Amino acid sequence: MIASTAASLVNLLGFITGVVLYVMLLWMVLTARPESNRLALLTGLLGFAWNAGGFGGYGMVNLGFTQSAPVLLAAAFSSLGFLPAVVVHSALRTAEVTRVQYLVLAAIAYAMSGIATIMNMYTAITAGTAPSQAALIGLTAGFGFLLVALLVLTRGQVKRGRVLSVVAMSVFAVSALHLSSNHLSGEDTWWMELAGHHASLPLALLILYQDFRFALADIFLKRALAFILLAGLIFGMFVFGVTPLLAANPASERSTAVLLALWVSTALAYPFLRRAAALFVDKIVLTRVDYAELISTLSRTLDRCETPEAALDEMARALAPALSAKSIEWSESSEDGPPSWVQQDRRSARVTVLTTDKPHYLFSITELSGGRRLLSDDIAMLEHAALLVARRIDAVRAMRKRYQRDIQEQEMRLRALRAQVNPHFLFNALTTIGYLIQTAPERALGTLMRLSGLLRGVLRASEEFVTIGEELDLIEAYLDIERARFEDRLRVYIDVPRQLRRIRIPALAIQPLVENAIKHGISESLAGGDVRISARLLQNELLISVIDTGPGVTES
């Protein structure tokens, strides 16, 4: 009696589980597929109809709540009979078969299910029993034949295993009822009856796992595992704790206190069991990414990004596999950010990157695989990642502003230097020419022509940067003028390798140093002196030296 009652309860629970699974399949098909796959929708409806009919025709009857209803059972078995036909039809649509093969096999499948339905209804009306054993045998043999035909037709195809596994599971769901029947005694053992009644559950689990595994795990599997762990804990406490205690002293106050303590401990243990089930599903079943490690890696990668575009691309590359998204794209947004950083609907999500200055940025996450929806830990990770990217973009923009300001300041200083150098050099050159007119008039004209060419070159140079070779040409022109004044007292040596003369430097960077070396070094010595100009490349730095042999500068 106890075994029979327990089997009835398990049978009832199995039908309830089937209703839940097929309702979940219906909900996922309607929400996750905008094109509304009709065959997947029909699969969910048929599975729901079978489990709902079995719940009323078997589960409630076994517990004595209602009387047996043969027509209800016949309708439930008819729904189960059409289930493999719909699955075969769906498999034919994805398989690479000819049009004739597609039509013939689909017609055979629906014809067998239709004939089985008529036989079930006839038996229920005329004999008051359901289902028809002949109908179950015909479905088992017929769909077994179709499964073999599909094995032959789809050999060598890429998605063959995925398709045939679903078809095989649907055939098993129908055949299990026939195979579980004990024809000799006319009665089924309780465990074989359970196996036959609930053979459609693996089909629902397989379809959900293949197409909506994240939804299956998040919505159903985590709660189911937590419930199983809790039931196992209660069973263990009852068998090893409560039963011996009540057997020894059933009415003592100590027994009541222990029962109360066990009840409280069960309630306290459930949160830990739920977290353990969630951890198992995330790590083992779904193999989810460790978000803490992902954020740490993303932070290190963003530190190397020098542009906002590079930072945004890096975030998209990091998040797409972690969220099982088909694509993650970003775009600029001039609107103010929403109240929440992350927003999602049934099939997509949007993440706002709120930078200090506009434009802001918006990530569009589309087509999450497996019916996945963003949970609280996913949203927390996305908000953290968006904050990291926003701060990096702010830092890059600030560095760009500082760089542009430094460039402008350097350009202003360079213009000021040139404005100071040109009049200074012109004054010294004119003084030299005036001296030559008095002492060597025949050389004054040549020196004046050199000055004219020198000024033409200086005034014509509109670029802020020139090559070292161009700068040395200007210096040579300047030295020709200075040699006219110092004669043998000025000796200049230039040591710049040819390969370095193509390097670009700020204009008039060397000439003022040469001019100061002559003015403050050589001119202060009656015997004159040497001026040496050299350039060397040390690793990635260019070293330019202007050295004179004058008396040097005083402390003042």
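Because the structure is a prediction, the values reported are computed rather than measured.
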Q: State whether Phe272 and Arg275 meet the cation-pi test: NZ (Lys) or CZ (Arg) under 6.0 Å from the six-membered ring centroid, and within 45° of the perpendicular axis.
A: yes
**Q.** Short N-O contact, Lys401 and Asp357, less than 4.0 angstrom
**A.** yes
Q) Going by atom types only, do Asp394 and Thr355 share a side-chain donor-acceptor pair under 3.5 Å? A) no
Q: Identify the two heavy atoms, one from Met315 and one from Leu382, that lie closest to each other, and give their separation to 0.1 Å.
A: CE-O, 4.5 Å
(Q) Let me confirm one number: the CD-OH distance from Gln511 to Tyr478, rounded to the nearest 0.5 Å. (A) 6.5 Å
Q. Tell me, do Val492 and Val514 make a side-chain contact under 4.5 Å, heavy atoms counted?
A. no
Q. Should the heavy atoms of other residues, nucleotides or ligands under 6.0 Å from OH of Tyr403 be counted, would the total exceed 12?
A. no
Q. If you measure from CZ on Arg317 to CG on Leu298, what distance do you get to the nearest 0.5 Å?
A. 10.5 Å
Q | Minimum side-chain heavy-atom gap Ile547-Val531 below 4.5 Å | A | no
Q: With side chain to side chain contact (heavy atoms under 4.5 Å, CB included) as the test, would you mind laying out the steps for Ile518 and Asp548 before giving the verdict?
A: CA-CA 8 Å; Ile518 295 175; Asp548 66 83; over 6 Å; no
Q) Is there a donor-acceptor pair closer than 3.5 Å between any side-chain N or O of Glu471 and the backbone N or O of Ala509? A) yes
**Q.** Intermediate values then yes/no, side chain to side chain contact (heavy atoms under 4.5 Å, CB included), Arg400 and Thr307
**A.** CA-CA 9 Å; Arg400 282 185 172 181; Thr307 62; 3.5 Å; yes
Q | Side chain Arg504, main chain Phe465, donor-acceptor under 3.5 Å | A | yes
Q: Might you point out which heavy atoms bring Val396 and Cys305 nearest each other, and give the distance in Å?
A: CG2-O, 3.9 Å
Q | Check: Arg501 side chain, Thr467 main-chain N or O, donor-acceptor pair, under 3.5 Å | A | no
**Q.** Heavy-atom pair with the smallest gap, counting every atom of Ala322 and Tyr291
**A.** O-OH, 4.2 Å
(Q) What I'd like to find out is whether the side chain of Phe363 reaches to under 4.5 Å of the side chain of Arg350, using heavy atoms alone. (A) no
**Q.** pair Ser299-Thr301: side-chain heavy atoms closer than 4.5 Å
**A.** no
Q: Return the minimal non-hydrogen interatomic distance between Ala109 and Phe143, and the atom names on each side.
A: O-CZ, 3.6 Å
Q.
Using only atom types and a distance under 3.5 Å, with no angle test, would you say the side chain of Thr549 pairs donor to acceptor with the backbone of Asp530?
A. yes
Q) Closest heavy-atom contact between Ala390 and Leu354? A) CB-O, 3.5 Å
**Q.** Side chain to side chain, Leu105 and Leu146, heavy atoms closer than 4.5 Å
**A.** yes
(Q) Test side chain to side chain contact (heavy atoms under 4.5 Å, CB included) on Leu294 and Leu319; report intermediate values, then the result. (A) CA-CA 9 Å; Leu294 174 65; Leu319 296 184; 4.2 Å; yes
Q. How many angstroms lie between atom CZ of Arg304 and atom CD of Glu314, to the nearest 0.5 angstrom?
A. 7.5 Å
Q: Can you see which heavy atom on Ile393 is nearest to which on Ala311, and at what distance?
A: CG1-CB, 4.5 Å
Q. Passes side chain to side chain donor-acceptor pair (under 3.5 Å), Gln408 versus Gln404? Steps please.
A. CA-CA 6 Å; Gln408 292 175 353; Gln404 292 174 354; 5.8 Å; no
Acceptor/donor pairs from residues 532-540 side chains to any protein atom, 3.5 angstrom cut, sequence neighbours excluded:
residue, atom, partner, partner atom, Å
Arg536, NH2, Asp495, OD2, 2.6

(Q) So, taking the atom named CD1 in Ile468 and the one named CZ in Arg498, what distance separates them when rounded to the nearest 0.5 Å? (A) 13.5 Å
Q.
If the condition is salt bridge (charged side-chain N to carboxylate O under 4.0 Å, His left out), which residues does Asp406 pass it with, not counting sequence neighbours?
A. none
Q: Compare all side-chain heavy atoms of Leu362 with those of Val353 and state whether any distance is below 4.5 angstrom.
A: no
(Q) Regarding His89 and Tyr110, do their side chains bring together a donor and an acceptor under 3.5 Å, going by distance alone? (A) yes
Q: Give the C-alpha distance, both sets of side-chain angles, the deciding distance and a yes or no for side chain to side chain contact (heavy atoms under 4.5 Å, CB included) between Glu309 and Trp330.
A: CA-CA 9 Å; Glu309 293 77 11; Trp330 61 268; 3.9 Å; yes
Q: Taking Thr297 for its side chain and Glu293 for its backbone only, find out whether a donor-acceptor pair lies under 3.5 Å.
A: yes
Q) So, Gln101 side chain and Thr98 main chain: donor-acceptor pair closer than 3.5 Å or not? A) yes
